[in-house]
Structure formats: C-alpha cells, structure tokens
There are 2 protein chains.
Amino acid sequence: MAEVPRRGPYICGIDAAFDVVSGKWKGLILWELDAHGVRRFSELRRGLPGVSEKMLTQHLREMEADGLVHREVYAEVPPRVEYSLTEHGHTLNKALEPLGAWGIERMGREGSERAVVVETPHG
Amino acid sequence: MAEVPRRGPYICGIDAAFDVVSGKWKGLILWELDAHGVRRFSELRRGLPGVSEKMLTQHLREMEADGLVHREVYAEVPPRVEYSLTEHGHTLNKALEPLGAWGIERMGREGSERAVVVETPHG
DNA sequence: TCGCTCCCTTACTAAAAGGTAAGTACCGCA
DNA sequence: TGCGGTACTTACCTTTTAGTAAGGGAGCGA
C-alpha cells in the first residue's frame with residue numbers, strides 16, 4: 001500500500017540515488033550497518049535514537065527491495081533477523097562519503113560564521 | 001511561513017548535507033546552475049520541466065539562505081534576476097558527483113537486470 | 001498465569017512537502 | 001484596450017511521509 005512504484009524515469013544519476021536514500025533514517029541505517037557489519041533489528045533500533053519500529057521496518061524493506069541490504073532470517077524460536085549491507089550498499093556508502101565530508105565542513109562553517117546556537121533552546 | 005527552522009543538531013555530515021539538498025528540484029537546480037553558470041528565473045523554469053513557480057522560488061530562497069546560490073537583482077523595468085552558484089554550491093556539486101555516478105550505475109543495473117524501460121515515453 | 005522479549009503488522013493521525021490557481025506591478029506591442 | 005512577458009506572492013488543497021498506539025505468537029523467568 002505505502003509502496004509507491006518509484007524507480008520512475010530518472011533525469012540524472014543524482015535523481016536515481018536520491019530515490020534510494022531519501023527517508024528520514026536511511027542514511028543512518030547505511031552508516032550503522034557499514035560500521036558494525038551485521039546488526040539485528042533491535043540493535044538497529046537502539047542505534048537510531050527516536051526511530052519507530054514501523055519506520056525501521058519500512059525503511060529496511062525498501063532498502064532490501066533496492067538491493068542495498070541483505071536480510072537473513074533464522075527460524076529460531078525467539079526470532080532472529082540479521083541485516084547487513086550488500087555490495088551495492090557498500091558502494092553507495094562510499095559514494096556518500098564526499099557528501100558527508102561536505103556536510104561536516106558546512107557544520108563547521110555555520111558554527112563559526114553565523115554563530116548559530118544549536119544547543120538548549122532557552123538556555 | 002513555510003520556513004522551518006531546520007539546521008537542527010545534526011547526527012553526521014550526511015544529515016547536514018541532506019538538509020540542504022532535500023527538495024524535489026534542488027539537485028536539478030544545482031545541476032542547471034553548474035552547467036550554465038548563470039540563469040534567469042524563467043530560464044531555470046524552462047530547464048526544469050514540471051516545476052511550479054512557487055516551488056522554484058521557494059527552493060531558490062532556501063538555497064540562497066543556505067549559501068549555495070547567489071541572487072542578483074537588476075532594478076530594470078522588465079524585472080531581471082540572475083542566479084548562480086556560490087563557491088559552496090560548486091563544492092557541493094563536486095561532492096555529489098560520486099553519488100550521481102553511483103545512481104547512473106544503478107540505472108544501468110536496473111535496465112539490465114529487470115529490463116525497466118526508462119526512455120522517452122512517446123518517441 | 002503474568003508479563004517480558006523478539007520482529008514485525010495494521011490502523012489511525014499529524015505534519016511536511018508539493019501542486020494549482022489566482023493576484024501583483026510594470027512595460028511593450030498590436 | 002487587451003495580451004503577453006517578467007518575477008514573484010498568497011491562499012487553498014492534495015499527496016506523501018512520519019509518528020503513535022495497539023496487536024500477534026511463541027518461549028522463558030517469576
């Protein structure tokens with residue numbers, strides 16, 4: 001239901017890549033899986049402070065359908081599911097690195113040029 | 001009004017960078033301005049098929065506030081406004097290049113693996 | 001037996017993003 | 001006098017995205 005067809009005719013590569021990483025937590029999921037290699041559902045949940053179970057499931061399903069993550073289900077009785085990055089997920093993460101570096105530079109610029117207070121709102 | 005505070009405490013650089021490029025047309029605007037150097041409002045509108053005036057204005061304003069585009073207004077009588085990328089806009093575009101390349105590869109994979117037709121709908 | 005953990009699913013609701021359409025002020029052209 | 005072009009702004013509505021809350025089935029400790 002919530003599954004939109006997506007994968008429409010893309011105008012450029014950015015467009016196609018954004019289609020796959022747009023979503024509030026997808027970047028973080030990618031990061032977590034890259035940093036830890038393999039993670040269980042509940043581990044991811046704890047690693048992404050504030051994510052709801054619904055969104056985590058939904059994003060993981062979409063990323064699985066997009067070939068970014070691998071989902072391994074163990075037919076045990078306390079159910080166990082392990083998530084890891086596929087090769088495409090790893091290359092995507094690599095491709096995101098320069099963007100992350102740009103973002104970090106930007107955070108530094110904001111802090112120095114505009115002296116934006118990001119801490120406690122009424123401190 | 002539509003201006004959300006944004007610039008919240010970011011978790012990582014990707015987060016900060018995404019805050020700045022998330023928006024249906026921002027990637028394309030960046031691309032257009034990078035390709036042409038300087039563009040007028042109506043030129044951008046024609047270059048982004050399907051964009052509404054409202055969205056184009058809104059995105060350009062946000063990108064200006066984020067220090068990505070420069071806006072030059074000429075006090076002429078048919079009003080003339082020219083947009084161009086700032087240096088930060090250029091570096092952002094550079095940082096997006098690997099992601100674009102990844103997206104293009106992905107489009108190729110989809111085309112071969114799933115045989116999705118992405119070409120001109122009616123010739 | 002109760003409640004806890006695990007990994008989800010479903011329904012409902014709120015917020016954000018985006019689209020449509022109209023209005024603004026000025027000019028040149030026919 | 002009316003139309004089109006320029007660069008927007010505003011109001012209203014729809015779509016998309018995300019959050020909240022609840023349930024489900026099975027084992028395990030108290």
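In what follows, chains carry the letters A, B, and so on, assigned in the order in which the sequence lines appear, proteins first and then strands, with residues in each chain numbered from 1. Keep in mind that this is a model prediction, so the values were computed, not measured.
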Original post:
Considering only dC7(C), dG19(C), dG19(D), which nucleotide approaches the side chain of R71(A) most closely?
Top reply: dC7(C)

**OP:** Answer with base, sugar-phosphate or nothing: what part of the nucleic acid does Y74(B) contact at a heavy-atom distance below 4.0 Å?
**Re:** nothing

**OP:** Determine: side-chain N/O of H59(A) to OP1/OP2 of dT17(D), distance under 4.0 Å, yes or no.
**Re:** no

Original post:
Is the backbone of W102(A) close enough, under 3.5 Å, to the side chain of E105(A) for a donor and an acceptor to pair up by distance?
Top reply: no

**OP:** Check whether V73(A) and V38(A) end up in the same hydrophobic cluster, where Ile, Leu, Val, Met, Phe, Trp and Tyr are linked by side-chain heavy atoms less than 4.5 Å apart.
**Re:** no

**OP:** Round to a whole Å and report the spacing from CZ of F18(B) to C1' of dA17(C).
**Re:** 17 Å

**OP:** For the side chain of R61(A), starting at C-beta, report the closest nucleotide among dG19(D), dG18(C), dT9(C).
**Re:** dT9(C)

Grab the N/O contacts between the protein and nucleotides 3-6 of chain D below 3.5 Å, and write none if there aren't any.
| residue | atom | partner | partner atom | Å |
| --- | --- | --- | --- | --- |
| dT6(D) | O3' | R40(B) | NH2 | 3.1 |
| dT6(D) | O3' | P79(B) | O | 3.0 |

Original post:
Expressed in angstrom and rounded to an integer, what is the separation of L56(A) atom CG from dA18(D) atom P?
Top reply: 13 Å

Subject >> Separation of dT20(D) P from Q58(A) CD (nearest whole Å) >> reply: 14 Å

Subject >> Protein-nucleotide distance (D19(A), atom CG; dT16(D), atom C1'), rounded to Å >> reply: 13 Å

**OP:** Kindly check if the number of other-residue, nucleotide or ligand heavy atoms within 6.0 Å of CH2 (W31(B)) is above 12?
**Re:** no

Original post:
Roughly, in whole Å, what's the span from CZ in R39(A) to P in dC7(C)?
Top reply: 12 Å

**OP:** Quickly work out the L60(B) CG to dA7(D) C1' distance and round it to whole Å.
**Re:** 11 Å

Original post:
Base, sugar-phosphate, or nothing: which does R45(B) touch, judged by heavy atoms less than 4.0 Å apart?
Top reply: nothing

Original post:
For L44(A) and dC6(C), what is the distance between atoms CG and C1' respectively, to the nearest whole Å?
Top reply: 14 Å

Subject >> Residue-phosphate contact under 4.0 Å: K54(A) side-chain N/O, dA21(D) OP1/OP2 >> reply: no

**OP:** Kindly indicate, with the supporting measurements, whether the criterion salt bridge (Lys or Arg N to Asp or Glu O under 4.0 Å) is fulfilled by E82(B) and R39(B).
**Re:** CA-CA 6 Å; E82(B) 286 182 351; R39(B) 297 246 98 179; over 6 Å; no

**OP:** Mind calculating the distance between CE (M55(B)) and P (dT10(D)) to the nearest angstrom?
**Re:** 16 Å

Subject >> Side chains of R71(A) and Y83(A), donor plus acceptor under 3.5 Å >> reply: yes

Subject >> Side-chain donor or acceptor of D15(A) paired with backbone N/O of I11(A) under 3.5 Å >> reply: yes

**OP:** For residues F18(A) and F18(B), establish whether the separation of their ring centroids is below 6.0 Å.
**Re:** yes

Subject >> Residue W25(B), side-chain heavy atoms: nucleotide from dG19(C), dT9(D), dA11(C) that is nearest >> reply: dG19(C)

